[in-house]
Amino acid sequence: MKVLVIGANGQIGKHLVSFIQENDKLEARAMIRDEKQAPYFKELGAEIAVVDLEDEIEAIAKAADGVDAIVFTAGSGPNTGKDKTLMIDLDAAVKTMEAAKEAKVKRYIMISSFDTTREAIQSAPESFAPYVVAKHYADEWLKSTNLDYTIIHPGLLTNDSGKNKVELATTVARGEVPREDIARVIVESLINDSTIGKEFQVVGGSTPPVEEAVKSV
């Protein structure tokens, strides 16, 4: 399975491309914004597609040509304004869904925010609310498509070393989770069709290992 990783140069994306390249069942194509970001991925043996998420749908569809799955791990980041949140976390996300259709790619995995319900929007701090709104509508758009989607809602992301153990269910108590373990969850979701049409929250845990947790969805 060839996987287009959108947002490959992000912290989850780098872990994900590395894990994909280590998996005999998977192969990565890293979508990056700048050719200067390429050496890391070339070292891993991954394919490269240089595309800006603010480009047109056709450019993204070209990057997706010939792949079997798309993973959206991109984000505007905590230091951008509401405009970038709108352009990346909502508009760009929807463009990648439309690009998937154009490229005839059915499998699509979205890395969302921990809670994107209407209640979460109403209770979010003013500075964080635009991000939750963008993720809410991107998730809803994805669910309205005919794509074979999975929506992953990670807890508070950390750069701690992954433990390969998570708590994963439709709803879980808020908590932290290493980005490395979210990348593991994505890999297992790609190779387990039982996750198609599902969305779930993920936080760090003591048991079970990621592989078993994903199979239990």
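The figures that follow rest on heavy atoms only: side chains count, while hydrogens, waters and symmetry mates do not. A quick note: this is a predicted structure, and the numbers were derived from the prediction, not measured.
For Arg29 (side chain) and Gly66 (main-chain N/O), no donor-acceptor pair under 3.5 Å exists by modelled atom type.
A side-chain N or O of Asn159 and one of Arg179 form a donor-acceptor pair less than 3.5 Å apart. If you check the side chains of Arg184 and Ser189, you find no donor sitting under 3.5 Å from an acceptor. Tyr108 and Thr96 share a side-chain donor-acceptor pair at under 3.5 Å. The closest side-chain donor-acceptor pair between Thr117 and Asp115 falls under 3.5 angstrom.
Paired with Trp141 under the rule side-chain contact (heavy atoms from CB on, under 4.5 Å), one option of His136, Glu98, Met110 passes, and it is Glu98.
The pair Glu211-Lys215 counts as a salt bridge, with a side-chain nitrogen and a carboxylate oxygen less than 4.0 angstrom apart. For the pair Lys143 and Glu199, the salt-bridge criterion is met [side-chain N within less than 4.0 Å of a carboxylate O]. No salt bridge links Arg107 with Asp148; every basic N to acidic carboxylate O contact stays at or beyond 4.0 Å. Classification of Lys42 and Glu35 as a salt-bridged pair holds, one side-chain N sitting under 4.0 Å from a carboxylate O. Salt bridge Glu54/Lys84: present, at least one basic N to carboxylate O contact under 4.0 Å. Between Lys2 and Glu47 there is a salt bridge, since a side-chain N of the basic residue sits under 4.0 Å from a carboxylate O of the acidic one.
Nearest heavy-atom pair across Ile121 and Ala129 is O-CB, 4.4 Å. Of all the heavy atoms in Gly155 and Val177, the pair that sits closest is N-CG1, 3.6 Å. Listed here is the closest heavy atom pair of Leu53 and Ala74: CD1-CB, 3.5 Å.
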| task | Please step through side-chain contact (heavy atoms from CB on, under 4.5 Å) for the pair Thr171 and Phe200, ending with a clear verdict. | result | CA-CA 7 Å; Thr171 57; Phe200 46 83; over 6 Å; no
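Separating the CD1 atom in Ile186 from the OG1 atom in Thr73 is a distance of 6.5 Å, to the nearest 0.5 Å.
Side-chain contact between Ile111 and Pro154: present, with at least one pair of heavy atoms (C-beta onward) separated by less than 4.5 Å.
Below 30°, between 30° and 60°, or above 60°: for Phe19 and His15 the angle between ring planes is below 30°, a parallel geometry.
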